Amino acid sequence: MTTYKAIRGMVDILPAATPLWQSMETTALEVLASYGYEEIRLPVIESTGLFARSIGEVTDIVEKEMYSFNDRNDDSMTLRPEGTAGCVRAVVQHNLATTPQRLWYMGPMFRYERPQKGRQRQFHQIGVEAFGVATPDQDAELIALSRQLWRRLGVDDALTLEVNSIGSASDRARYREALVAYLSDRREALDIDSQRRLQTNPLRILDSKSPDTQEILDAAPALRDYLDSESREEFDQLLAYLEALDIPYRINPRLVRGLDYYNKSVFEWTTNALGAQGTVCGGGRYDSLVEIFGGKPMPAAGFAVGLERLILLMQALEITVSSPADLYVIAADEGTYRHTLPRMDALRRQFPDLNIVQHLGGGSFKSQFKRADKSGASWALVYGETEVTNNQVTLKPLRSEAAQRTIGDAELTAFLADFLAETQRA
RNA sequence: GUGGCUGUAGCUCACCAGGUAGAGCACCGGAUUGUGACUCCGGAGGUAGCGGGUUCAAGACCCGUCAGCCACCCCA
């Protein structure tokens with residue numbers, strides 16, 4: 001017999017972890033709604049060309065990390081490696097950007113990379129994209145929104161905001177020339193990867209981790225000196241907004257994002273609690289992407305949150321949530337079980353927020369109580385012969401020292417209403 | 001894609017000049033009449049990731065392969 005395992009880099013999220021995921025997701029939904037962002041749901045597969053054009057032909061993502069294949073019509077398709085390209089495509093296709101739009105989406109992304117902690121081949125992101133506002137109040141709102149999310153999740157103390165401005169495309173072109181000129185003279189002192197990038201993507205040399213390369217970069221031309229006045233002013237304005245919001249930040253002049261479409265202000269939220277993959281959230285402005293995809297020129301900015309990394313961070317901070325059952329229903333035998341059926345059915349309709357777990361498969365009271373205990377339920381509802389003949393039910397507390405009691409069916413409703421009120425849910 | 005470490009019961013791990021596997025936790029059952037958690041007793045559960053080689057004999061050694069982890073790389 002053949003046994004199957006999930007394929008490399010594809011990860012099952014098991015019941016032990018889903019309560020934390022769900023809690024994180026609902027919190028995110030609330031925060032996004034509180035800022036007036038609306039959900040958009042997008043396909044997981046797009047034309048390969050869409051990503052090549054937006055992300056950039058010479059980026060690592062496009063060069064070697066895409067899950068691409070030809071469909072039955074021999075068209076090249078790609079499992080989305082990120083969400084912005086598809087979102088912009090949808091905005092253009094449906095003409096959504098006639099007025100400013102605040103959008104978000106959540107779902108799986110795919111990159112063919114070597115897996116390690118915090119890096120999978122299928123992973124999940126929440127993407128937030130805002131269209132139509134060119135001024136840095138938009139960048140500030142996006143950062144404020146993300147900080148609000150960290151606060152609500154209890155991870156804000158573990159995250160640091162890094163910001164930078166990478167200017168316009170023409171600023172970067174001029175800077176690239178200067179940087180290449182400077183580094184070419186010192187070519188042999190650079191690490192191998194940086195030597196290669198000298199031809200392909202020189203700006204990425206800036207965030208090389210090689211100490212030798214970084215030392216050479218200390219005396220290199222600075223990107224900031226090549227920014228036009230607009231980029232500079234808008235960056236300074238963003239910093240002023242961050243100060244007004246009381247969001248601590250670190251200007252990282254070597255922060256350059258890996259995707260070609262970014263311009264002007266960019267940012268990352270990072271942590272050192274996760275090892276090498278410390279970026280939990282990254283984003284910035286991408287003012288020319290809408291036009292590239294055939295829309296009317298339209299400024300835009302956004303960011304993406306890596307959900308696995310966020311979960312890992314929450315786990316590292318020992319943030320736990322659980323949703324145990326409220327009631328566990330025990331019946332003495334087949335006849336009493338049948339007696340409970342219409343009653344539990346009615347209770348579920350009457351109290352939709354109540355988690356009622358019915359014991360299945362029979363067994364002794366002893367074994368049923370063991371299960372009841374393991375379910376985490378607060379109360380066991382016990383139906384034996386006596387209860388059934390008297391139209392009663394026995395309530396046994398499983399989490400407290402309160403006394404067990406037997407009450408009439410009619411009183412159960414009042415009891416459960418009180419229970420929900422106590423647990424602040426009714 | 002590169003380098004290093006690891007891979008034994010559901011989980012965490014052990015044994016071992018190489019002589020066909022064990023613990024704790026978890027699981028199931030029991031300790032007289034309809035009651036969990038603690039305790040005691042018993043039980044079930046493993047093609048030792050997979051394939052090949054060396055050997056009388058391999059979970060242990062060698063090779064390959066797959067997977068995980070760590071770092072590089074890259075990003076979320």
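Naming convention: chains lettered A, B, ... in sequence-line order (proteins, then strands); numbering from 1 in each chain. These numbers were taken from a predicted model, which means no experiment stands behind them.
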### Query
Within the pair A:Arg405 and B:rU35, is there a side-chain N or O less than 4.0 Å away from OP1 or OP2?
no
### Query
With no angle test and no hydrogens, is the base of B:rC70 tied to the side chain of A:Arg119 by a donor-acceptor pair under 3.5 Å?
no
### Query
How long is the line joining CG of A:Asp207 and C1' of B:rA76, in whole Å?
15 Å
### Task
Identify the nucleotide, in any strand shown, that forms a Watson-Crick or G-U wobble pair with B:rU54, with both distances under 3.5 Å; if there is none, say none.
none
### Message
What I want to find out is whether A:Glu234 reaches A:Arg285 closely enough, with some N-O distance under 4.0 Å, to be called a salt bridge.
### Response
no
### Query
Is A:Arg176 paired with A:Asp171 through a side-chain N to carboxylate O contact shorter than 4.0 Å?
no
### Query
Contact class for A:Lys117 vs. all strands (heavy atom < 4.0 Å): base, sugar-phosphate, or nothing?
sugar-phosphate
### Message
For B:rU35 and A:Gln368 - does any side-chain N or O of the residue sit under 4.0 Å from the phosphate oxygens OP1/OP2?
### Response
no
### Summary
A:Asp193 has its side chain closest, among B:rA37, B:rC73, B:rC28, to B:rC73
### Message
Rounded to whole Å, how long is the line connecting atom CG of A:Asn272 with atom C1' of B:rA71?
### Response
17 Å
### Query
When you measure from the side chain of A:Thr394, which nucleotide among B:rU35, B:rA76, B:rC27 comes out closest?
B:rU35
#### Entry: Nearest-angstrom distance from the residue atom CD of A:Gln116 to C1' of B:rA76
13 Å
### Task
Under 4.0 Å between any heavy atoms, over every strand shown, what does A:Gly9 touch: base, sugar-phosphate, or nothing? Just pick one.
sugar-phosphate
### Residue from A:Glu129, A:Gln125, A:Arg89 passing side chain to side chain donor-acceptor pair (under 3.5 Å) with A:Thr84
A:Glu129
### Message
So that I can tick it off, tell me whether A:Asp218 and A:Arg254 are bridged by a salt bridge, with the cut-off set at under 4.0 angstrom between side-chain N and carboxylate O.
### Response
yes
### Task
Classify the angle between the aromatic ring planes of A:Phe369 and A:Phe365 as parallel (below 30°), tilted (30 to 60°) or perpendicular (above 60°).
tilted
### Query
For B:rG30, does either OP1 or OP2 sit under 4.0 Å from a side-chain N or O belonging to A:Lys366?
no
### Query
Who does B:rC73 pair with, Watson-Crick or G-U, both distances under 3.5 Å?
none
## Note on the structure
Any strand, both distances under 3.5 Å, Watson-Crick or G-U wobble: B:rA60 pairs with none
## Note on the structure
When rounded to whole Å, the CZ to C1' distance for the pair A:Arg121 and B:rC73 reads 14 Å
### Message
Do A:Arg186 and A:Tyr182 form a cation-pi contact, if we require the NZ or CZ to be under 6.0 Å from the six-membered ring centre and within 45 degrees of the ring's axis?
### Response
yes
### Message
Going by purine N1 to pyrimidine N3 plus the second Watson-Crick contact, or the G-U wobble pair, all under 3.5 Å, which nucleotide sits opposite B:rG24?
### Response
B:rC11
### Check against side chain to side chain donor-acceptor pair (under 3.5 Å), A:Glu141 and A:Tyr37
CA-CA 11 Å; A:Glu141 177 176 276; A:Tyr37 284 70; 2.6 Å; yes
### Query
How far does the P atom of B:rG4 sit from the matching atom of B:rC63, given to the nearest Å?
12 Å
### Task
Please state how far atom CE in A:Met106 lies from atom P in B:rA76, giving the value in whole angstrom units.
18 Å
### Query
Using the P atom in both, what is the distance from B:rC13 to B:rC73, to the nearest Å?
29 Å
### Side chain of A:Lys5 (C-beta onward), nearest among B:rG34, B:rA67, B:rC73
B:rA67
### Query
What does A:Ala372 touch in the nucleic acid at a heavy-atom separation under 4.0 angstrom: a base, only the sugar-phosphate, or nothing?
nothing
### Task
Using both distances under 3.5 Å as the test, list the Watson-Crick or G-U wobble partner of B:rA37, or none.
none
### Message
If the cut-off is 4.0 Å, is A:Arg8 near the phosphate of B:rG68, judged by side-chain N/O to OP1 or OP2?
### Response
yes
### Base-pairing assignment for B:rU32 (Watson-Crick or G-U wobble, both under 3.5 Å)
none
### Query
B:rA71 base to A:Gln277 side chain: any donor-acceptor pair below 3.5 Å?
no
### Task
Could you tell me which nucleotide pairs with B:rC5 by Watson-Crick or G-U wobble geometry, both distances under 3.5 Å, or answer none if nothing does?
B:rG68
#### Entry: Rounded interatomic separation in angstrom, taking CG from A:Asp12 and P from B:rG10
16 Å
### Message
So, OP1 or OP2 of B:rC72: does either fall under 4.0 Å of a side-chain N or O from A:Arg114?
### Response
no
### Message
Classify A:Gln120 by what it touches in the nucleic acid, base, sugar-phosphate, or nothing, heavy-atom distance under 4.0 Å.
### Response
base
### Task
Check the geometry between A:Phe369 and B:rU35 and answer yes if their rings are stacked (centres below 5.5 Å, planes below 30°), otherwise no.
yes
### Query
Looking across every strand, which nucleic acid part, if any, lies under 4.0 Å from A:Arg196 by heavy atom: base, sugar-phosphate, or nothing?
nothing
### Task
Evaluate the criterion side chain to side chain donor-acceptor pair (under 3.5 Å) for residue pair A:Thr160 and A:Thr270; output intermediate values, then yes/no.
CA-CA 5 Å; A:Thr160 307; A:Thr270 61; 4.9 Å; no
### Task
Could you grab the distance from atom CD of A:Glu82 to atom CZ of A:Phe51, nearest 0.5 Å is fine?
7.0 Å
### Message
For a quick check of understanding: with a heavy-atom distance under 4.0 Å over all strands, which category does A:Pro108 fall into, base, sugar-phosphate or nothing?
### Response
nothing
### Task
Indicate, with a heavy-atom threshold strictly under 4.0 Å, whether A:Lys374 touches base, sugar-phosphate, or nothing.
sugar-phosphate
### Selection from B:rA76, B:rG34, B:rG29 that lies nearest to any side-chain heavy atom of A:Val382
B:rG34
### Query
Picking from B:rA76, B:rC73, B:rG36, which would you name as closest to the side chain of A:Thr279?
B:rA76
### Task
Give A:Glu82 one of three labels, base, sugar-phosphate or nothing, depending on what nucleic acid heavy atoms sit under 4.0 Å from its own.
nothing
### Message
By nearest atom, which of the nucleotides B:rG36, B:rC69, B:rA76 is closest to the A:Arg309 side chain?
### Response
B:rA76
### Query
Which value, in whole Å, describes the distance between the C1' atoms of nucleotides B:rA21 and B:rU32?
39 Å
### Between B:rC73 (P) and A:Arg111 (CZ): distance, integer Å
17 Å
#### Entry: B:rU47 to B:rC40 separation - C1' atoms, rounded to the nearest Å
36 Å
### Task
Return the nearest nucleotide to the side chain of A:Phe365; candidates are B:rA71, B:rG34, B:rG68.
B:rG34
### Message
Suppose you measure atom P in B:rC11 against the same atom in B:rC69; what distance do you get, rounded to whole Å?
### Response
15 Å
### Message
Measuring from the side chain of A:Glu387 (C-beta onward, heavy atoms only), which nucleotide among B:rG34, B:rA37, B:rU35 has the closest atom?
### Response
B:rG34
### Query
How far, in whole Å, is B:rA48 from B:rU20 if one measures between their C1' atoms?
11 Å
### Query
Once you round it to whole Å, what is the distance between C1' of B:rG34 and NE2 of A:His339?
16 Å
### Query
Between B:rG34 and B:rC38, how far is it from one P atom to the other, in whole Å?
23 Å
### Query
C1' atom, B:rA37 versus B:rG49: distance in rounded Å?
38 Å
